[in-house]
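Report on the structure given below.
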Amino acid sequence: MDERLPGYKGLALKLLLDAGAEIGDLVRIIKDDVVLEGILIPRSEYGDERHITIKIRSGYNIGVEVTPSTRIERVSPETKPAFIPPQPPEQKPGLPKVSILGTGGTIASRVDYRTGAVRPVMSASELYSIVPELADIAVIETEMLFNILSEDMTPKYWSIMAEAVARHIRSGVQGVVIAHGTDTMGYSAAALSFALQNLPVPVILVGAQRSGDRPSSDAALNLIGAVTAASRAPFAEVSVAMHETTSDESIILHRGTKVRKCHTSRRDAFKTINATPLARVIGDKIFMLTDEYRPRDSNRELILKPNFDERAALIKFYPGIRPELIDWLVSGGYRGIVLEGTGLGHVCRECFPAIKRAIDRGVVIAMASQCIWGRVNMNVYSTGRDLLAMGVVPLGDMLPETALVKMMWCLAQTSDPEEVKRLLLTNVAGEISQRTVEYIEPPKTVVGRADGN
Amino acid sequence: MTIDYRKIGLKVGLECHQQLATREKLFCGCRPELFKGEPEITFLRRLRPTQSELGQIDPAAYFEFQKGVKILYEADTKTSCLVEMDEEPPHDLNREALEIALMVALMMGAKPVDEIHVMRKIVIDGSNTTGFQRTCVVALNGSITVDGKEIPIEHVSLEEDAARKVGEEGLVIRYRIDRLGIPLIEVATGPVISSPEEAEKVALAIGKIFRATKRVRRGIGTIRQDLNISIKDGALIEIKGVQELELISKVVEYEVQRQLNLLKIRDEVRRRGLREEDLREEFVDVTLLFKETQCRVLRRSIERGDIVLAVKLPKFAGLLGFELTPGLRFGGELSDRAKFWGRVSGILHSDELKSYGVTDEEIAELKRVMGALEEDAIVLVAGKADNARDALKAVVERAREALRGVPEETRAANPDGTTRYMRPRPGAARMYPETDIPPIKVTKDLLEKIKMQLPKSPEEKVREIMKVYGINEKLARQLLDTEYDELFETIVRETRVAPTVVATILTETLKALKRDGFNISVLTDEQIIETFRLVDRGITTKEAIPEILKWLCKHEGANPADVIKELGLTMISEEDLQRIIDEYIEKNKSLILERGLSALGTLMGLIMKDLRGRVKPETVNRILKEKISGKITIK
C-alpha cells in the first residue's frame with residue numbers, strides 16, 4: 001500500500017503509480033472504447049485490486065474496473081480547495097469557563113467532503129465555527145487528549161482522562177466536557193465517577209449517534225446541552241448528556257454510574273437504569289429531575305483516585321457455560337470477577353466448585369444481574385443462598401458494567417479482598433442504592449424545576 | 001408574441017424522475033406506499049447547515065436555520081421504520097430497484113458503471129430526515145432519438161425519493177416521511193433541447209421507456225420533471241417538480257418570456273441611469289402614517305401589532321407592475337423574495353397602492369417621507385420588525401439583481417405552468433460518499449441477466465400491436481402514449497370484442513371524456529375490463545360503454561354491472577324488441593305504406609335514438625326488414 005494512494009493495491013496501484021497520479025488529481029482512464037475523467041478518490045481498505053474510484057464532473061463517485069491494458073493519464077495535479085475557516089464568533093467575557101476534552105469518536109469529527117474520510121476537530125475555534133452557539137454559553141478551552149474509537153478505550157485511558165479532568169478543574173473552570181465515542185461512554189462515565197471524588201463542578205461526557213458532517217447530526221445539540229450543564233448545572237457529578245428522545249428538543253443528563261447504551265443507533269440510546277435521570281436541558285434552561293445530587297461548590301477540594309487494576313473480568317452467565325472459564329481466569333492471575341447472573345443473581349450449580357476454588361484463592365466474586373433492570377436478591381432461592389454462603393458479593397441494583405469498572409477501581413485501592421468487598425458495597429458515586437421507586441415519567445411540557453439560571 | 005427560440009439561444013436540459021414499482025424501499029424493507037389519515041408517530045428535528053469542503057455554508061440554508069426553523073415529521077409504522085427516521089443506518093441497496101435502473105440504462109444505450117458508489121447529496125429543507133439525499137449513478141453516456149434528433153443522456157441514477165411536505169405553521173414545517181426512500185430513477189439529458197415542444201417530446205419519450213419496463217409506479221406524483229432552462233444573456237434557471245407532461249412546453253415558454261422581460265427591465269433601469277449603489281438598505285418605519293388608513297391589509301397588520309416598513313427603489317416607478325408572465329409581475333418577484341427571507345405575507349408597492357385602498361393623500365405623504373421622486377418606486381411590508389427588515393433587505397437585493405439581468409435561482413413550477421421563487425441555486429453540487437453502504441459491483445452476469453429481460457422498445461411495441469391485432473398505427477401509438485397497451489392486450493385476450501373497438505374506447509373515448517371534464521384517473525383497470533366483459537356476454541352493447549365510463553368517473557369505486565342497471569342500459573331481449581318494433585311500425589304505418597322498404601332508414605334512426613346502448617343495431621335492422629317486408633307483402 002502506498003501512502004499517497006490510500007486503499008489502492010495490486011494492479012490498480014501499479015497503474016496509478018505508473019501514471020504518477022495522486023489522490024485529488026484529475027485523471028483520465030482509457031479502456032477499450034471508454035474514456036472517463038474524474039478526480040482520483042481514495043478507496044476503502046477492503047476494496048479490491050481491480051477498481052479505481054473517481055469523482056466525475058457531476059460530483060458522483062464511480063468505480064472503474066481496470067485491466068492490464070487500461071491506460072491512466074494524469075490530466076492535472078490536485079487543485080487543493082482553499083479551506084477558509086469561517087470567522088469564529090466573538091468571545092463573550094464574563095461567561096463561565098468550560099474545558100472541552102477530546103478523546104475521539106463521532107462527536108468531534110468532521111468529514112473530508114472529497115473523500116468521505118472523517119477527521120477529528122479539536123481546536124476551540126474550529127468547534128465554535130461548527131457550533132457557534134457555544135460562544136453564547138461559555139468561554140471554551142479545548143484539549144485533545146487522544147483520538148481513538150471508543151471500543152479501543154482501556155482502563156489506562158480512563159486514568160489519563162481522570163488526570164486531565166483534575167488538571168482542568170484545578171485550573172479553575174466551571175465545568176468539564178468530555179467528547180467521547182458512544183460505545184463505551186457508559187464505562188468511562190462510571191470510571192470517572194469513581195476516580196474523581198469530591199467533585200466541585202460537573203464533568204459531562206457527551207457523544208453523538210450521528211456524525212457531525214450530517215445536517216441531522218445530534219452532535220451540536222448534545223454538545224450545547226453538555227456545555228450548558230457544565231457551565232451552569234447546580235450539581236457537581238459525572239454525567240452523560242445525550243438526546244432524551246428521537247426529537248431535537250431536550251438533552252437528558254444521566255448519572256455516570258447509572259447509565260447504559262441501550263440501543264445500537266438511536267439518538268436516545270442512553271438510558272438511566274434503576275434510577276431517575278439527573279436533569280434535563282431544554283434550550284438554555286436546566287431542569288433538575290431529582291433532589292438527590294451533590295451540589296456544585298467551587299471551594300470543594302477534588303480527590304483524584306485515577307488508578308484501575310485491569311485484573312478483573314465480567315462474565316455473562318448462559319445455559320451451558322463451562323466452569324473452566326472461571327478456573328482459567330483465576331489461574332491467569334485475575335483478582336476479581338463480576339458475574340452477570342440470571343434473574344435475582346444466579347448461576348448454575350455446576351459452577352459452584354469453581355467459584356469456591358476462586359474465592360479460596362482470594363479472588364473477589366461479585367454478582368450483578370443480566371436483567372439490567374432491578375436489583376439482585378440472593379436470599380430468595382437456594383442457589384442464591386448457597387452462593388452467598390460461599391462469599392459471593394451481591395451488588396444490589398448496580399449495573400454489571402459499572403460493577404466491573406468499580407471492581408477494577410476497588411482492586412487498585414487495596415490488596416485486601418475483604419476491603420475490596422466492603423468497598424464494593426459502599427456507595428461511592430450513586431452506583432448502588434437501597435431504594436428503587438416506581439419511575440414516573442415527568443410530563444413532557446411541565447418539567448422539574450428550573451435551576452442554575 | 002412568437003419567439004425564435006434558436007435566435008435567443010434557448011437551451012433546455014431535463015431531469016426526469018420516476019418512482020419504481022418495487023416491493024420495498026431503496027434502503028430498507030418498508031412498503032413504498034403513502035398513508036392517509038392521522039400519523040402514528042411525530043418527531044421534531046432541526047437540520048444544521050454543514051460546511052462544504054470550501055468552508056462555505058449554503059446561505060439560504062443557514063438563514064433558515066438561524067431563524068429557528070423546525071421540522072415536524074409525521075410517520076406511520078407501515079410505511080416507515082427507523083431508517084427513514086434517521087435512527088438506523090441504511091440497509092443494502094435494493095437489488096430489484098438496481099435491476100430496473102440498469103434495464104432503463106441499457107434501453108437508452110447508456111454504459112453501466114463498473115462499481116456503484118452511493119453518495120450523499122446535501123438537501124436541508126427538511127425533505128430528507130438525514131439532511132442529504134442518497135443517490136448513485138448507475139450508467140453514463142447514453143442517448144435516445146426524438147424526431148430524428150439525438151438527445152444525449154448524461155447519466156442514469158438511482159436515488160431515494162424525499163419526504164412530502166404537508167404543511168407549514170410559523171417556523172414549523174411538517175413533512176410526511178412515507179414517501180421518503182421510495183426508489184426513484186433519474187435520467188438527465190444534455191442541455192441540447194432547443195424548443196418548448198421538443199422538451200415535451202423528449203420527456204414523453206423518456207417516460208415511454210420508463211413505462212416499457214412495466215416496473216414503474218403509476219399515478220399522480222410518481223413522475224416528476226426538473227428543467228434546466230437558459231437563454232443567451234439570461235441565466236441558468238432550475239425549475240423543480242413539473243408533474244404534468246403537458247405542462248413542460250408551457251413552463252419552458254413562460255420561463256423564456258420571464259427571462260426576456262427581465263432583460264427588458266434591465267435595459268430600462270440602465271436607460272434610466274440607475275446604478276447599483278443607488279439601491280440602499282434605508283428602511284423607514286411608516287406605521288404612524290397608516291394609523292388611520294382605509295387599506296384593509298395594512299390596517300389589519302397594524303392592529304395585530306406589526307410595523308409597516310418602507311424602502312425606496314429609485315427609478316423603478318412603473319416597473320413593479322410590469323408583467324413578466326401571465327399573473328406574475330416584477331413586483332411578484334420582489335414579493336417572493338420578501339416572503340422567503342422575511343416570512344412576511346407579501347409586499348405592497350407604489351404601482352398598486354391605490355387598488356388596495358390607500359388614498360392619494362397617504363401616497364403623497366409616503367412619497368414625501370421617503371423623498372421619492374416621480375420615477376421612484378416604494379415598497380412596503382408589514383410584519384414584526386425583524387421580519388420586515390429581512391424582507392426589505394431581500395427586496396433591495398432583488399432590485400440590484402434586476403440591474404444585472406436574470407438572477408440564477410431555483411424555482412418551483414405552479415400548476416398553470418408559471419413558476420415561483422424557491423431558493424437561490426445551490427453552489428457546486430455538494431456530494432460526498434455514503435460510507436454506510438459499501439460500493440456495489442455491476443457484474444457481467446447481472447448485466448447478461450438483465451439483457452435477457454429487456455422489454456421491447458416503444459417503437460417495436462407499436463409495430464407489434466399493429467401486426468398482431470390488426471389496428472392502425474395511429475391507434476397503436478395512442479395506446480402506447482396513454483399507457484393502455486397492457487390493458488388493451490388483457491381485454492382483447494379475455495373478451496371477443498373487436499381490437500379496434502377496444503383500442504378506440506381506451507384512447508379516443510377516454511380522451512374525449514377527460515376533455516369534457518370527467519376525472520378518468522379514478523377508473524381502475526378492473527372496472528374497464530369488467531365493462532368489456534359485460535359487452536362480451538351480451539348484457540350491454542359497445543355503444544353503451546361511454547355512458548358507463550362517465551358514470552364510473554362520477555361514482556368512484558362503483559361496479560359496472562350495477563351501473564348498467566342504474567342507467568337502464570341492459571340489453572332488451574329479442575322478444576321485447578319485437579314488440580317495441582311493432583309499436584313503431586304501427587305508429588308509422590302511413591310512412592311504410594307510402595315508401596315501402598326505403599322507410600327502413602328513417603325508422604332505424606328513430607328506434608336507435610331511443611334505444612341506443614340497449615340493442616344491437618344489426619338486430620334492429622334485421623327485425624325491421626322482416627316486419628316491413630311482411631307489411632308490404634300483406635298489402
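A note on names: the letters A, B, ... follow the listed sequences, proteins ahead of strands, and every chain is numbered from 1.
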Select, from A:V34, A:I56, A:D48, the one with the greatest count of heavy-atom pairs under 4.5 Å involving chain B. A:D48
Is the B:Y432 ring parallel, tilted or perpendicular to the B:F132 ring (thresholds 30°, 60°)? perpendicular
In terms of heavy-atom pairs under 4.5 Å, which option from B:M85, B:R120, B:K111 contacts chain A the most? B:R120
Which bit of B:S157 comes within less than 4.5 Å of chain A, counting heavy atoms only: side chain, backbone, both or neither? side chain
Is it the backbone or the side chain of B:K70 that comes under 4.5 Å from a heavy atom of chain A, or both, or neither? neither
Go through the atoms of B:I71 and report whether side chain, backbone, both or neither lie under 4.5 Å from a heavy atom of chain A. neither
Of the listed residues (A:E65, A:H51, A:R267), which shares the most heavy-atom pairs with chain B below a 4.5 Å separation? A:R267
Which bit of A:E133 comes within less than 4.5 Å of chain B, counting heavy atoms only: side chain, backbone, both or neither? side chain
Under 3.5 Å, is there a donor-acceptor pair between the side chain of B:K25 and the main chain of B:L180? yes
Using atom types as modelled and distance alone, determine if a side-chain donor or acceptor of B:R179 lies under 3.5 Å from a backbone N or O of B:A162. yes
Chain B contact via A:L36 - side chain, backbone, both or neither, heavy atoms under 4.5 Å: side chain
I'd like to know if B:R45 pairs up with B:E87 as an ion pair, taking the criterion as any Lys NZ or Arg NE/NH1/NH2 lying under 4.0 Å from an Asp or Glu carboxylate oxygen. yes
Applying a strict 4.5 Å limit to non-hydrogen atoms, the region of B:T129 in contact with chain A is backbone
Would you check if there is a donor-acceptor pair between the side chains of A:T182 and A:Q209 at a distance under 3.5 Å? yes
Please identify each residue that fulfils side-chain hydrogen bond (donor to acceptor under 3.5 Å, both in side chains) with B:H117, with sequence neighbours left out. B:E115
Could you look at B:L82 and say if it's the side chain, the backbone, both or neither that has a heavy atom under 4.5 Å from chain A? side chain
With a 4.0 Å cut-off on N to O distance, would you call B:R176 and B:D178 a salt bridge? no
